[in-house]
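Numbers for residues simply follow the sequence, beginning at 1.
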Amino acid sequence: MRKPDFETVYETYYDKLYRYAYGLLLHPEDAEDVVEETFFAAYAAYAGYDPARASLATWLTRIAHNKAVD
């Protein structure tokens with residue numbers, strides 16, 4: 001399976017991750033910060049992302065969750 005370019009990942013998952021983070025934090029600015037940190041971390045680790053291990057949605061949501069609880 002071929003990984004999409006990161007710009008496509010950002011465009012596809014930004015709103016979903018924002019809604020997830022907002023649901024956890026209930027504060028718009030904090031949710032935006034979590035999403036920003038999530039994409040920075042995901043971009044840095046994208047070369048090592050293995051689609052055979054987890055879907056992009058699962059991988060990104062796990063990163064967002066970890067950022068939100070930190």
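Linking Ile, Leu, Val, Met, Phe, Trp and Tyr whenever their side-chain heavy atoms come within less than 4.5 Å leaves Tyr20 and Leu26 in two separate clusters.
The CG atom of Leu56 lies 5.0 Å from the OH atom of Tyr13; values are rounded to the nearest 0.5 Å. Here the straight-line distance linking atom CZ of Phe39 with atom CG of Leu60 works out to 5.5 Å at 0.5 Å rounding. One finds the CZ atom of Arg19 at 13.5 Å from the CG atom of Leu24 (value rounded to the nearest 0.5 Å). Put simply, CG on Leu17 and OH on Tyr10 are 10.0 Å apart, with the number rounded to the nearest 0.5 Å.
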Pair Asp33, Leu25 - check side-chain contact (heavy atoms from CB on, under 4.5 Å), show working.
CA-CA 11 Å; Asp33 289 345; Leu25 303 169; over 6 Å; no

Using side-chain contact (heavy atoms from CB on, under 4.5 Å), reason through Glu36 and Phe40 one step at a time and then give a plain yes or no.
CA-CA 6 Å; Glu36 179 181 330; Phe40 281 138; 3.3 Å; yes

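The two residues Val34 and Ala21 come nearest to each other via the heavy atoms CG1-CB, 3.9 Å. Of all heavy-atom pairs spanning Lys67 and Ala41, the tightest one is CE-CB, 3.9 Å.
Remark: Tyr18 pairs with no residue by the side chain to side chain donor-acceptor pair (under 3.5 Å) rule, at least two apart or across chains. With sequence neighbours excluded, the residues satisfying ring-ring contact (aromatic ring centres under 6.0 Å, His included) with Phe6 are Tyr43, Tyr46. Under the side chain to side chain donor-acceptor pair (under 3.5 Å) criterion, Thr8 pairs with Asp5, sequence neighbours left out.
Of the possible donor and acceptor atoms, one in the side chain of Tyr49 sits under 3.5 Å from a partner among the backbone N and O of Ala54.
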